[in-house]
Peer 1: 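Just passing along the structure, written as structure tokens.
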Amino acid sequence: MYEIRRFEDRVNELFARGAIHGTTHLCAGQEALDVSLALELRPTDTVSATYRGHGIALALGMTVHSVLAEIMGKAAGCTGGVGGSMHLSDPDVGLLPTFAIVGAGLPVAAGAALAFQTRGEDRVAVCVFGDGAANIGAFHEALNLAAVWKLPVVFVCDNNVYAEYSRIDVTTPLSDLYRRAGSYDIPGVPVDGMDVAATRAVLAEAVARARAGAGPTLVEAKTYRFAGHSRADQATYRPAGELERWRERDPLTLARVELLATGAATADDLTALEKAVREDLDAVTDTVAALPDPEPATMFHNVRGATA
Amino acid sequence: MYEIRRFEDRVNELFARGAIHGTTHLCAGQEALDVSLALELRPTDTVSATYRGHGIALALGMTVHSVLAEIMGKAAGCTGGVGGSMHLSDPDVGLLPTFAIVGAGLPVAAGAALAFQTRGEDRVAVCVFGDGAANIGAFHEALNLAAVWKLPVVFVCDNNVYAEYSRIDVTTPLSDLYRRAGSYDIPGVPVDGMDVAATRAVLAEAVARARAGAGPTLVEAKTYRFAGHSRADQATYRPAGELERWRERDPLTLARVELLATGAATADDLTALEKAVREDLDAVTDTVAALPDPEPATMFHNVRGATA
Amino acid sequence: MARMRVRQAIAAALADAMREDGSVMLFGEDVAAAEGPFKTSEGLLAEFGPLRVRDTPISEMGFVGAAVGAATMGMRPVAEIMFMEFLGVALDQLVTEAATFRYLSNGRVTVPLVVRASTGSGLGFGTQHSQTLENWLTATPGLKVAVPSDAQTAYGLLRAAIRDPDPVAILEPRVLYAERGDCVTGDEGIVPLGTARVVRRGDAVTVVALGQTVRTALGAAERLGTGVEVVDLSTLVPWDRATVLASVARTGRLVVVEEAPASGGWGSEIVAAVTSAAFRALQAPPFRITAPDVPVPYNKGLEARFSPSADEIEYQLRAYLETGEVPDPWWRREGVAA
Amino acid sequence: MARMRVRQAIAAALADAMREDGSVMLFGEDVAAAEGPFKTSEGLLAEFGPLRVRDTPISEMGFVGAAVGAATMGMRPVAEIMFMEFLGVALDQLVTEAATFRYLSNGRVTVPLVVRASTGSGLGFGTQHSQTLENWLTATPGLKVAVPSDAQTAYGLLRAAIRDPDPVAILEPRVLYAERGDCVTGDEGIVPLGTARVVRRGDAVTVVALGQTVRTALGAAERLGTGVEVVDLSTLVPWDRATVLASVARTGRLVVVEEAPASGGWGSEIVAAVTSAAFRALQAPPFRITAPDVPVPYNKGLEARFSPSADEIEYQLRAYLETGEVPDPWWRREGVAA
Ligand SMILES: Cc1ncc(C[n+]2csc(CCOP(=O)(O)OP(=O)(O)O)c2C)c(N)n1
Ligand SMILES: Cc1ncc(C[n+]2csc(CCOP(=O)(O)OP(=O)(O)O)c2C)c(N)n1
Ligand SMILES: [Mg+2]
Ligand SMILES: [Mg+2]
């Protein structure tokens, strides 16, 4: 989590000083969910996520080098620089190309689960999406399909209160999105998405349920987006004090308190770990910044495969 | 209702002997809903319905002549013969062109309601759609939008147990579709769609609610499709005895019993009425059959309007 | 070789592919228990069972997306869209997702998916169920589009599409489903994507047709006698430039016959590309015979006039061959529209 | 006349239309409180209030459909699609519903609706947020499509579209939003739909451009000196044949410059129609300068090469004028692709 947070800070800096082209969507405040997911999945499981995907990519095990190089459009990035921040992917860690179209990942995750079910494998597909995505048709169609076919998929709504610049109450008649599971007769479970232990427990159960063939679950993780929506957004539309209240429950702080309280780590351990993360990030940033851009020919690669 | 039933029988005959081109979707068994709706609406209200729309068109007040001529592709039909059975319409009775794309009518009805709300009018929009349509994305998006904007619209699901050749349980994880209202924090109300009095009461309340500015309602009318889905479908996929059980609750029989029981009509009244309906239908059928087809130039009309 | 209907050829292709490859599966509305709204999946549920042949809810976005997801995990799904128009509620999954995954994963996530959709006019289904709408799919790098014109191409293009490593859309002219034709099945029956077929030889004019216009163009050509070469384009993306250019090099004249309205139609691409590449070989203006720019009308007589008939094609080809000029379409000749 | 950015011209057009006609309303994602993701609705919520300027949920099918419904009841809604690709989840409502209601009601139900969508490459938004996708809309009788190229056309086409009695899609090149230009507002500033503008006179070649390629084509034309006539097509459906044909009649040469890949692009329609109508007037093969047939790449340098640059257009026009032959695009000249 600490690595993800520092990574997002770094991306923000690089973007601000023009070293990153286009747009970025930071996940600061939502790291606990990404990390919990990674901890509850097996390498053979598969994840579909969104443009706000740096955190899940790193949590699943993609390297800082590969992710940062992609975001900076380098030839060494995970797609060779043709995808960018919104399209991270690595099948080795189970990450499908992240989705830039809101809601598109849900049916695709259901389909991955369908493949597992049809072949009788005990693999699970997970889809992470936002609160805003819960209003689009693909959400409804995917949950209905997954429910009626009892697919091994877990739908995880990362409810960070905002969709772009719109607060959830402006666009959505109810803020407890887990209740939408009722429309499909599947379990809907809310969880404090700032708390790793709580989130892991809920995810573990949903994943186990899917793996056991008992069908899909809708999990709603209550989180908060510490940054703006994208690029230079300062999020001035937030009600006064809201950010500050949520920051008191910063997942990094909660995790630190927990680790120290349970004796899983000492303050010194954590300081050393954090220092190592920062140093590593600095070093990788320098390395990546010096890497070459892709050749023009790159844009012609991977448009289609060789016909047998 | 009697007129609608006989009309559908007639369409069926005409189709079988090749006098109707293309396809038709009959509504026998579902007439009580169409009639109840027409009775609870004002002429200034608006209805969006589906390809299974002969009944609602007649109930709202379109003439047998206009509807039958359209179905037979005659120049005198409501769209001049270019629309056909799936695209009946008449703004004078509040009927938008009926929708051949499943689910498409729901957002459009919400939009009609939006116009009424924006202009401060006390008009109501109603959308009738099938059980199968409750699984498509447009259903979800329209209900969410209508709920969050508190639009004066009533969504009426005509749950006739089948979508084409698929029974509801094959495609839908729950058969009580009114429960999906919970996803939008709006009222969801089931009703016996074979019973005019019960249906009228539920619709009256939902329409009043919309008119009063209290927002949308999802009404689920439990009905049954007595005919096949379309054209020559014999509906051999029905479980044995299902049709027969529903036929015991034929809305025509129930209405007849009710009318006689309350003394609203005598058996002689009804016999006379039915006879008049049959004679009228025979006469109109002969008239319409003799009408001319549209000129080729007709296909060039109404593609676009005159620019100011 | 057997004689069969186009819909039977499709069912045969699906069955053969499913026998050959356990990862092939089929889903769509009423494709399983009812064996397809147009009976293009007869026998499949019985042979391959409910895991591989599935009836879906009415949720084209959901099940096309599910096909995309299953394909990323190594299945070879065939998703059936009952009427092409319904892709209007699901286009995103095919065009924006499926077609880009290979690119967006450095070639590591692939989508060997087939989407079949029935298209076109001629059966009285009305404005919203009678269009061809190839244009929705033809500007998407990464996506292939094929259109059969008879039993053999229905069988062979579908087999090729299922084996293709990338997403392929097959647009099936609905009016042909009941047509009978000879069909070689098995590997020899496969029609490679990207290859056009010269279905009639001639040296006066090259007529490029597709789907249901192949038989109307052939009908017109027969009546005109020798001289008319008819090319069945078969694959629309990528289309077979070599075959078309070679034909035009011989004939010096190009006419494209399309079922749908002129505006936005696929034929302009053929005309434009051939003109750019073979300008000096053209002895007369290339042109397109199409439907008028109107929605498909329902009335039987109107619908029959909407798409170019063999009569209309014959008239226009004859006038063109005689005068070397582009003839007027019927609605201009009859003065009913501009 | 005032100097303003394209996005300000759009906001001005919306404001003027809303002042003039109480039935005009705007909705889309973040168009109200945030004044538009690209700031194309600055000041509108404040002036016209939350009934007429509305933030929607993320449900393009829902809110485009709601716009259709509101239009049938006499409103003149403008629906904003943030990125053109999102129409892939809502195409049905625009193409299959809105465009057909007049036809399907004997002219009694009309849909005076405007859908605005931002399009194109140049800002680093990546494959799924950088396409132009005109092809999704150009084969729909009943639907008009316009593409502004500067502040004046952004203002004027939008005003005309809002007054139009039928659905109109306005595809706004996103990369131009921040560009400044002169703009006449009010009735004199209205640009009628269906009219192309000759933006530069010349007699050696007609270059037809659209949206963001108008300025790159003009840049190339300036460098080449006299001779290059540049036509800003402005409206794609229905496009202005008279102006284009008159120009080609003068120059005898036609080149279309498109931002997006060749396959399925709108330019083939121009080339095909002009070739059919003015074959004898053409002195050299007409052709198209386009992007290659690949998804839009993210990397800045790659993205800059993807769409035809002024340099590339200059090179190709010069070679064409010198040789009378169709030149190779950069990827063939450099041997990186076929
Ligand atoms: C279909 C579609 N509509 C709109 C957008 C533009 N858009 C990108 S992100 C976003 C907000 C999504 O909000 P949410 O689902 O809550 O996810 P978050 O960004 O908060 O992670 C929107 C509207 C899109 N990418 N796709
Ligand atoms: C988007 C879309 N998908 C599929 C169809 C084909 N189709 C027409 S009617 C129908 C069944 C609809 O069932 P239901 O909503 O229950 O209505 P009913 O026919 O029972 O009145 C289907 C699948 C369609 N018209 N539109
Ligand atoms: Mg959010
Ligand atoms: Mg039904």
Side-chain angles (χ1 to χ4, degrees), chain B residues 46 48 70 77-80 82-84 86-92 95-101 103-121 123 125 127 136-146 148-149 151 153 299 301-308, chain D residues 22-23 25 27 49-52 54-77 79 89-90 92-93 96-113 141-144 160 163-168 192-194 238:
Chain B
T46 192
S48 78
E70 186 58 39
C78 59
T79 80
V82 301
M86 299 212 277
H87 299 300
L88 305 173
S89 76
D90 186 349
D92 284 347
L95 185 64
L96 284 169
T98 55
F99 291 80
I101 306 295
L106 285 98
V108 173
L114 174 65
F116 305 154
Q117 182 192 66
T118 304
R119 292 193 299 246
E121 296 166 351
R123 297 161 69 186
C127 180
I136 204 159
F139 165 90
H140 178 65
E141 297 193 6
L143 266 73
N144 186 66
L145 193 74
V148 78
W149 287 350
L151 298 176
V153 54
M299 75 171 89
H301 299 164
N302 299 310
V303 178
R304 57 192 77 78
T307 312
Chain D
S23 67
M25 61 190 302
F27 42 91
L51 279 179
R52 289 176 67 193
R54 297 185 183 222
D55 284 325
T56 64
I58 308 177
S59 4
E60 282 81 2
M61 186 72 88
F63 75 76
V64 174
V68 174
T72 65
M73 294 297 132
M75 301 301 287
R76 292 191 172 256
V89 304
D92 180 67
Q93 286 291 341
T96 311
E97 315 306 334
T100 62
F101 281 10
R102 179 185 290 276
Y103 199 68
L104 294 178
S105 68
N106 223 342
R108 299 179 68 207
V109 177
T110 61
V111 187
L113 157 74
L143 177 65
K144 301 185 182 75
R163 287 190 183 177
D164 197 88
D166 292 309
V168 180
L193 297 175

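Model, not experiment: these values are computed from the prediction. We use all heavy atoms of the structure for the numbers below, so side chains are in, but hydrogens, waters and symmetry mates are not. Residue numbers start from 1 in every chain, and the chains themselves are labelled A, B, ... in the order their sequence lines are given, proteins ahead of strands.
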Peer 1: What's the separation between atom CD in D:Glu60 and atom CD in B:Glu141, rounded to the nearest 0.5 Å?
Peer 2: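 One gets 7.0 Å once the value is rounded to the nearest 0.5 Å.
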Peer 1: Among the options B:Pro97, B:Ala109, B:Gly83, pick out the one with the most heavy-atom pairs lying under 4.5 Å from chain D.
Peer 2: B:Pro97
Peer 1: Measure the spacing between OG1 of D:Thr72 and CD of D:Glu97 and express it to the nearest 0.5 Å.
Peer 2: 11.5 Å
Peer 1: Chain B heavy atoms under 4.5 Å from D:Thr96: which part of the residue, side chain, backbone, both or neither?
Peer 2: side chain
Peer 1: Tell me, please, which residues at least two apart from D:Asp166 pass salt bridge (Lys or Arg N to Asp or Glu O under 4.0 Å).
Peer 2: D:Arg102, D:Lys144
Peer 1: Using a cut-off of under 4.5 Å on heavy-atom pairs, state which of B:Asp92, B:Leu106, B:Val148 scores highest against chain D.
Peer 2: B:Asp92
Peer 1: CG of B:Asp90 to CG of B:Leu96: how many Å apart, nearest 0.5 Å?
Peer 2: 11.0 Å
Peer 1: If you count heavy-atom pairs under 4.5 Å with chain B, which of D:Met75, D:Met73, D:Met25 comes out on top?
Peer 2: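 Ranked by heavy-atom pairs under 4.5 Å with chain B, first place is D:Met73.
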Peer 1: Could you check which of B:Arg119, B:His301, B:Arg123 has the highest count of heavy-atom pairs closer than 4.5 Å to chain D?
Peer 2: B:Arg119
Peer 1: Does this structure show an ion pair linking D:Asp164 with B:Arg304, if we count only N-O contacts that are shorter than 4.0 Å?
Peer 2: no
Peer 1: Using heavy-atom distances under 4.5 Å, tell me whether B:Thr46 contacts chain D through its side chain, its backbone, both, or neither.
Peer 2: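 Only the side chain of B:Thr46 comes within 4.5 Å of chain D.
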Peer 1: Quick check on B:Phe139 against chain D: is it the side chain, the backbone, both or neither that has a heavy atom closer than 4.5 Å?
Peer 2: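 For B:Phe139, no heavy atom lies under 4.5 Å from chain D.
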Peer 1: Taking only residues two or more places apart in sequence, or in another chain, which ones meet D:Thr100 in a side-chain hydrogen bond (donor to acceptor under 3.5 Å, both in side chains)?
Peer 2: C:Gln128
Peer 1: When heavy-atom pairs shorter than 4.5 Å are enumerated against chain D, which of B:Ser89, B:Ala110, B:Ala142, B:Pro91 gives the highest number?
Peer 2: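 The answer is B:Pro91.
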